[in-house]
Amino acid sequence: MAGATPLSIAIVGAGMGGLAAAAALRRLGIEVAVYEQASQFARIGAGIQIGCNATKVLRKLGLEPRLRAQSFYPRSWNNRDWRTGEVKFDMIFGESAEAKFGAPYLLAHRGDLHAALASGVPPECVHLSHKLVGLDEGPDGVRLSFANGEKATADAVIGADGVHSQVREILFGATPVNFTGRIAYRTTYPSALLNGFAIDDCTKWWGEDRHIVIYYVKPDRSEVYLVTSQPEPEFRIESWSAKGDVRALRAAFVGFDSQVEKVLAACPDVHKWAIVDRDALSRWADRNVTLLGDACHPMTPYMAQGAAMAIEDAAVLSRCLEGCEREGISDAFRRFEATRRERTSRVQETSRTNTWLKQRTDADWVYAYDAWTTPLAA
């Protein structure tokens with residue numbers, strides 16, 4: 001309606017999904033405020049795979065040139081036997097996949113992707129040190145209360161606050177997190193520490209009860225990333241900053257292909273965290289509050305699609321809210337869930353099995369998806 005007051009939406013969580021949602025909504029003229037409990041953004045040593053499906057979203061947000069300049073453009077995702085190095089399946093990316101799926105597959109430092117998304121949201125829209133403690137929906141909108149004593153009101157709230165979502169807990173009560181009994185080691189470090197030893201672009205070595213993924217995260221191959229998964233049922237620390245013992249990491253992968261042993265021998269230090277999962281929610285929204293990304297469909301990391309699903313969510317949610325007035329927000333949120341549930345559930349279940357690309361795989365359904373054009377639910 002001409003001259004109508006623009007919607008105001010509060011986003012809880014300034015991770016990948018929250019920032020992507022803020023950037024997508026601002027394109028429509030919607031006022032956004034992002035509330036993040038952390039006091040600053042930290043560049044944690046972690047890599048991220050940006051699938052063609054996610055890059056298509058980022059392109060429309062104007063971020064593709066920046067990401068291409070900062071990310072590695074891999075030939076393939078190569079899957080090998082842990083001991084012999086024999087190729088199980090080589091998922092070709094590069095120019096042929098870009099032509100097929102309509103966007104590139106990129107390997108990046110997680111901090112670089114986060115910084116790119118943050119660049120799409122004016123700093124004054126992002127409020128750090130705001131830990132949500134309460135939500136109250138009334139006739140004037142949804143009131144948010146924070147641990148620092150601040151309060152805010154918005155027409156709607158998006159909970160993009162991750163696997164331990166406070167928004168989800170306020171809406172639907174506490175639900176247990178499922179520890180998978182597995183842990184991951186991860187780190188990035190300068191490739192110079194390899195002393196000239198060249199590694200493949202992106203490889204996953206499949207062991208009998210563990211695996212390791214290694215790839216470059218910079219276009220000049222100057223930084224390498226590794227992440228593992230292995231059983232350790234008693235470990236239950238989820239912190240992204242918890243340190244692991246690099247000697248224990250090396251011991252866990254003794255006997256693996258020589259490329260793995262070289263990368264681990266050069267590794268200076270490592271982080272360690274427990275891999276968790278949650279059961280699917282029966283619904284994502286309550287009136288003018290909805291969840292997005294890991295807050296409603298957290299997934300194991302084995303398809304490298306967790307952030308991509310949140311980024312896709314952001315695009316679809318913005319489409320559902322386009323032209324929406326306050327009275328139609330709850331319907332828009334239901335439409336968002338109806339559009340996204342089948343896809344995110346399929347990715348959750350597929351990732352949980354940890355068999356993605358282990359053998360010849362039809363990956364088209366993942367990478368060809370376009371969140372900007374996929375039909376919205378009725």
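From a predicted model like this one, the values you see are computed outputs, not experimental measurements.
- When only modelled atom types and interatomic distance are considered, Q230 and D209 share no side-chain donor-acceptor pair under 3.5 Å.
- Of the charged side-chain nitrogens involved, at least one lies within less than 4.0 Å of a carboxylate oxygen, so that R247 and D245 count as a salt-bridged pair.
- A continuous path of hydrophobic side-chain contacts links L357 to Y105 [ILVMFWY only; heavy atoms under 4.5 Å].
- Counting all heavy atoms, side chain and backbone alike, T300 lies closest to T180 at CG2-CG2, 4.5 Å.
- In this structure, R186 contributes its side chain and V227 its backbone to no donor-acceptor pair below 3.5 Å.
- The 12-atom threshold is not exceeded at CZ of R360, counting heavy atoms of other residues, nucleotides or ligands nearer than 6.0 Å.
- Cation-pi contact between K204 and W206: present, with separation from the ring centre below 6.0 Å and deviation from the ring axis of at most 45°.
- With hydrogens and angles disregarded, a donor-acceptor distance shorter than 3.5 Å links the side chain of R182 to the backbone of S229.
- A ring-centre distance under 6.0 Å is not found for Y225 and Y189.
- With hydrophobic clusters built from ILVMFWY side chains whose heavy atoms lie under 4.5 angstrom apart, L117 shares a cluster with W372.
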Report task. Start with the C-alpha distance between K218 and D112, add both sets of side-chain angles, then the distance that settles salt bridge (charged side-chain N to carboxylate O under 4.0 Å, His left out), and finish with yes or no. Result -> CA-CA 10 Å; K218 287 293 186 182; D112 290 339; 2.7 Å; yes
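- Checking side-chain atoms of S8 against main-chain N and O of D155 turns up a donor-acceptor pair under 3.5 Å.
- No side-chain donor-acceptor contact under 3.5 Å links R110 to the backbone of A46.
- Counting heavy atoms from C-beta on, the side chains of V167 and L291 come closer than 4.5 Å.
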Query raised in the report: Passes side chain to side chain contact (heavy atoms under 4.5 Å, CB included), L226 versus L249? Steps please.
Result: CA-CA 11 Å; L226 68 89; L249 167 60; 4.2 Å; yes
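- Aromatic pair W284/F336: centroids less than 6.0 angstrom apart.
- Counting non-hydrogen atoms of other residues, nucleotides and ligands closer than 6.0 Å to CD of E261 gives a total above 12.
- A 4.5 Å side-chain heavy-atom check between T203 and I214 finds every atom pair outside the cut-off.
- If you run ring pair (Phe, Tyr, Trp, His ring centres under 6.0 Å) between H211 and each of F256, Y185, Y302, only Y302 comes through.
- Note: Q70 CD to L113 CG = 9.5 Å, rounded to the nearest 0.5 Å.
- A distance of 11.5 Å separates NZ of K56 from CD of E64, quoted to the nearest 0.5 Å.
- At a threshold of 4.5 Å between non-hydrogen side-chain atoms, the residues D279 and Q348 do not count as touching.
- Taking 4.5 Å as the limit, every side-chain heavy atom of V142 sits out of range of all side-chain heavy atoms of T153.
- At distances below 3.5 Å, at least one donor-acceptor pair connects side-chain atoms of T187 with backbone N or O atoms of D269.
- The aromatic rings of Y35 and H130 lie tilted to each other, with the angle between the two planes from 30° to 60°.
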